[in-house]
Amino acid sequence: MRLNKKSRNIIGITQSVLIFVLVVLVVIMMIQIDRLQGTARVINYAGLVRGATQREVKLEIAGSENDELIEYLDDILSGLKYQDGHYDLVKLHDKEYQNKLQVQIDYWDEIKKEIEAVRSGGYKNTDIVNMSENYFSMADDTVSAAEKYSEKIAIKIRSIEILSALDMMCLVILVVIQTLAAMKMAVQNKLLEQKAYTDSRTGLPNRSSCKEILNNKEIIKEPTACIVFDLNNLKFINDTMGHSAGDQLIVNFAALLRSVLQEKDFVGRYGGDEFMVIIHNTDKSEVHEIIKRIYMEKDRLNSNGNELPIDYACGWAISDDYKDSTIQILFDRADSYMYKNKQLCKEQNMHSFQICGDIPEIFGDIK
């Protein structure tokens with residue numbers, strides 16, 4: 001899932017739009033929730049007006065005047081209409097509710113006039129009872145209108161929640177797409193990096209990988225050895241048997257080295273027919289043993305009728321012999337000894353292997 005630049009730009013723009021939309025939806029939802037909370041309070045106080053008015057009428061009929069209750073009802077109705085008073089009521093922006101509330105307020109003014117008539121001439125000469133029943137029905141209508149408005153807000157909130165969920169789902173999908181693309185890109189980059197540092201023919205670290213190790217300028221702190229190998233007669237095999245045979249000889253020798261050396265040891269193809277080995281935490285006796293095992297494995301393969309007999313020159317160096325040495329220093333010394341060994345083999349026209357020691361004078365047949 002590789003995304004080109006245009007696709008990445010489209011996804012980036014889409015993400016920005018989705019995030020902006022999500023922020024807007026969250027703000028709208030917060031406003032609607034605030035309105036819903038205020039609506040609940042309005043419904044509660046509208047219901048209180050309905051019951052308190054009935055109580056006021058009963059008190060007046062019983063001859064018990066209660067101006068404080070009338071003021072209480074006036075204050076609530078004013079708060080419901082104009083969002084003022086002492087009860088922190090909000091004004092509902094709903095036409096049906098406002099119309100019914102206004103009818104209720106107007107009728108409340110008529111009831112108050114009728115209460116004055118009750119106080120002056122008794123309730124029997126008034127229509128206070130019927131007016132109270134009518135007012136109760138009007139208050140019911142107002143409460144119902146407020147509840148409908150509350151339901152509308154609740155529906156809006158649910159719709160916003162759905163839209164927000166879809167928006168977030170789209171964002172998650174885009175993030176997943178980008179993550180998968182990034183993961184695939186990382187894998188591809190890793191594969192490319194491996195290819196850049198791996199010899200395609202032998203599977204060993206290539207010259208670039210070897211160079212990276214050699215470029216490390218840190219002083220070696222633990223006993224470390226470097227062994228350099230150079231295949232003999234590769235040019236002769238290429239000229240007489242073809243390059244495919246020469247390639248096979250290189251592959252066979254790489255497999256030989258890898259089979260003898262441990263996994264922790266570095267084995268790389270430094271050049272066309274040149275290989276390098278780095279061994280950490282070692283000593284001279286172990287290096288001698290490793291070189292001996294390589295030689296014996298080479299001899300075993302050659303004795304089994306190998307059509308491409310393996311022959312090589314070798315040189316090695318160990319950090320114990322050099323103060324403040326680096327990998328590059330060890331490689332240079334080992335490479336120098338390898339060429340001395342190669343030259344010696346040519347001079348003696350030998351096919352058996354000679355060891356290059358840590359100083360030029362040490363050459364010994366390990367057979």
Side-chain angles (χ1 to χ4, degrees), residues 10-57 69 71-111 131-180:
I10 292 174
I11 289 177
I13 294 172
T14 304
Q15 278 185 321
S16 299
V17 172
L18 288 173
I19 292 172
F20 175 77
V21 171
L22 183 60
V23 171
V24 172
L25 289 173
V26 170
V27 171
I28 294 174
M29 182 183 294
M30 292 174 63
I31 294 173
Q32 295 299 324
I33 290 173
D34 184 66
R35 287 181 178 177
L36 185 62
Q37 292 172 341
T39 303
R41 191 171 179 83
V42 166
I43 293 171
N44 181 47
Y45 273 86
L48 287 176
V49 168
R50 180 177 54 190
T53 303
Q54 290 288 301
R55 180 168 176 267
E56 168 61 19
V57 169
L69 184 54
E71 290 179 4
Y72 169 74
L73 292 169
D74 285 340
D75 198 11
I76 291 177
L77 289 172
S78 178
L80 292 173
K81 180 66 177 178
Y82 302 108
Q83 195 172 326
D84 58 9
H86 305 90
Y87 304 103
D88 297 324
L89 298 173
V90 298
K91 181 178 180 180
L92 302 188
H93 299 281
D94 181 74
K95 187 175 181 180
E96 180 182 0
Y97 165 79
Q98 289 295 334
N99 289 338
K100 292 185 178 300
L101 178 62
Q102 186 60 54
V103 170
Q104 181 182 344
I105 292 173
D106 292 342
Y107 202 73
W108 168 243
D109 290 336
E110 295 299 321
I111 288 177
M131 291 180 70
S132 175
E133 292 300 324
N134 291 336
Y135 185 81
F136 189 89
S137 178
M138 291 177 183
D140 262 346
D141 291 341
T142 303
V143 171
S144 296
E147 289 174 344
K148 287 181 182 179
Y149 178 71
S150 177
E151 290 175 1
K152 290 178 183 178
I153 295 178
I155 291 172
K156 287 181 181 179
I157 292 174
R158 284 194 292 270
S159 299
I160 294 171
E161 287 175 345
I162 293 172
L163 291 175
S164 299
L166 291 174
D167 189 290
M168 287 187 286
M169 187 181 299
C170 291
L171 281 172
V172 169
I173 291 173
L174 290 178
V175 170
V176 170
I177 291 174
Q178 288 182 311
T179 301
L180 292 176

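The figures that follow rest on heavy atoms only: side chains count, while hydrogens, waters and symmetry mates do not.
- To the nearest 0.5 Å, atom CG of residue Leu73 and atom CG of residue Leu69 are 5.0 Å apart.
- Pairs of residues two or more places apart, or lying in two chains, never qualify as ring-ring contact (aromatic ring centres under 6.0 Å, His included) while including a residue from residues 142-176.
- Residues forming a ring pair (Phe, Tyr, Trp, His ring centres under 6.0 Å) with Tyr107 (at least two apart in sequence, or on another chain): none.
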Using atom types as modelled, flag every donor-acceptor pair under 3.5 Å from a side chain in residues 10-33 to any protein atom, sequence neighbours excluded.
{"residue": "Thr14", "atom": "OG1", "partner": "Ile10", "partner atom": "O", "Å": "2.7"}
{"residue": "Gln15", "atom": "NE2", "partner": "Gln178", "partner atom": "OE1", "Å": "2.8"}
{"residue": "Ser16", "atom": "OG", "partner": "Gly12", "partner atom": "O", "Å": "3.1"}

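- Scored by the side-chain contact (heavy atoms from CB on, under 4.5 Å) test, Val103 finds Met138 as partners (sequence neighbours excluded).
- Atom CD1 of Ile160 is separated from atom CD1 of Ile153 by 10.5 Å, given to the nearest 0.5 angstrom.
- Between Gly79 and Leu89, the shortest heavy-atom distance links the atoms O-CB, 3.8 Å.
- Annotation: salt bridge (Lys or Arg N to Asp or Glu O under 4.0 Å) contacts involving residues 39-50, sequence neighbours excluded, comprise Arg50-Asp140.
- Taking OG1 of Thr142 as the start and CD of Glu96 as the end, the distance is 10.0 Å to the nearest 0.5 Å.
- The distance from the NE2 atom of His93 to the OG1 atom of Thr39 is 10.0 Å, given to the nearest 0.5 Å.
- Applying the ring-ring contact (aromatic ring centres under 6.0 Å, His included) test to every pair with at least one member in residues 33-56, sequence neighbours left out, gives these pairs: Tyr45-Tyr87.
- The two residues Val143 and Gly47 come nearest to each other via the heavy atoms CG2-N, 3.8 Å.
- The distance from atom CD1 of Ile76 to atom NE2 of His86, rounded to the nearest 0.5 Å, is 11.5 Å.
- Partners of Lys91 according to the side-chain contact (heavy atoms from CB on, under 4.5 Å) rule, which considers only residues two or more places apart in sequence or in another chain, are Gln83, Gln98.
- Between the side chain of Gln54 and the backbone N or O of Ser132 there is at least one donor-acceptor pair closer than 3.5 Å.
- By the salt bridge (Lys or Arg N to Asp or Glu O under 4.0 Å) test, Asp75 is found to be paired with no residue, residues two or more places apart in sequence or in another chain being considered.
- Asp84 meets the side-chain contact (heavy atoms from CB on, under 4.5 Å) test with Ser78, Tyr82; sequence neighbours excluded.
- What you find for Leu92 and Ala146 is that their closest heavy atoms are CD1-CB, 4.0 Å.
- The salt bridge (Lys or Arg N to Asp or Glu O under 4.0 Å) analysis of residues 152-166, with sequence neighbours excluded, yields the pairs Asp94-Lys152.
- In this structure, CG in Asn134 is found 8.0 Å from CD1 in Ile111, a value given to the nearest 0.5 Å.
- Residues forming a ring pair (Phe, Tyr, Trp, His ring centres under 6.0 Å) with Phe136 (at least two apart in sequence, or on another chain): none.
- With sequence neighbours left out, Thr53 forms a side-chain hydrogen bond (donor to acceptor under 3.5 Å, both in side chains) with no residue at all.
- Nearest heavy-atom pair across Ala145 and Tyr97 is CB-CA, 3.7 Å.
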